[in-house]
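Comments concern the structure below.
All chains are named by letter (A, B, ...) in the order of the sequence lines, taking the proteins before the strands, and each is independently numbered beginning at 1.
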Amino acid sequence: MKYWLLKSEPGVFSIDDLSKSKNQTTYWEGVRNYQARNYLREMKIGDKAIFYHNNCASICAAGICEIVKENYPDFTAFDPDDIHYDPKSRKESPTWLMVDVKYLKKFNNPVTLSGMKENKRLQKMRLLQTGNRLSVMPIAKEEFEEIVRMSL
DNA sequence: GCCAACGTTGGC
DNA sequence: GCCAACGTTGGC
């Protein structure tokens, strides 16, 4: 099993939105970066992910979710009316992919970005490296577990 | 709103 | 294939 970190702007879609979704599940749409896309491709059913809130007042690891459907074409890329429309992505050979994720839990104590920066065990995290802009990234099992521990 | 760090685009 | 210009991300 692998572990991941998924970024989402809570103003657009938050951990609460996920918990209130039908079946507490949603499709992870709109990834338009090749490296992030390749990570989506690696995800397997049962993998777990940190749900991270970014671009907001309280940047934090907000909870965890689980991969419940492996990669399939991101259909929002085919829709001219969608904000993530990409005319270069063809139905015959889709450029962009999505997975389905299911809510597992919202942290009682969200783990703030500054909190993670202060934790020596998390210093190697991709998230903390300067200039990192990936919205989907792998995270070590130990780091995942450390963040969960901090949220208790 | 600022701006550093990336990714993408397109002329050559 | 190089690289300047431009667009985007994301913390602050």
Separation of E118(A) CD from L113(A) CG (nearest 0.5 Å): 10.0 Å
Any N54(A) side-chain nitrogen or oxygen under 4.0 Å from OP1 or OP2 of dG10(C): yes
Result of checking V68(A), T25(A), I67(A) against V101(A) for side-chain contact (heavy atoms from CB on, under 4.5 Å): I67(A)
For atom CH2 of W96(A) and atom C1' of dG7(B), their distance in whole Å: 10 Å
K117(A) NZ to dC12(C) P, straight-line distance once rounded to whole Å: 4 Å
side-chain N/O K88(A) vs dT8(B) OP1/OP2, d < 4.0 Å: no
Per Y34(A) side chain, nearest of listed nucleotides dT8(B), dG7(B), dG11(C): dT8(B)
Between dG11(C) (P) and I59(A) (CD1): distance, integer Å: 4 Å
Gap between atoms CZ and P, on R32(A) and dG10(C) respectively (whole Å): 15 Å
side-chain N/O K7(A) vs dT8(C) OP1/OP2, d < 4.0 Å: no
Rounded distance (Å) that lies between atom C1' of dT9(C) and atom CE of M137(A): 11 Å
Parallel, tilted or perpendicular, as decided by the 30° and 60° cut-offs, for the rings of F144(A) and Y3(A): tilted
Rounded interatomic separation in angstrom, taking CG from D86(A) and P from dT8(B): 11 Å
Touch class at under 4.0 angstrom, heavy-atom based, for N55(A) against every strand present: base
Spacing between Q129(A) atom CD and dG10(C) atom P, to the nearest angstrom: 15 Å
Backbone N/O of M43(A) and side chain of K2(A): donor-acceptor pair under 3.5 Å: no
Nearest-Å distance for atom pair CG/P, residues N132(A) and dT8(C): 19 Å
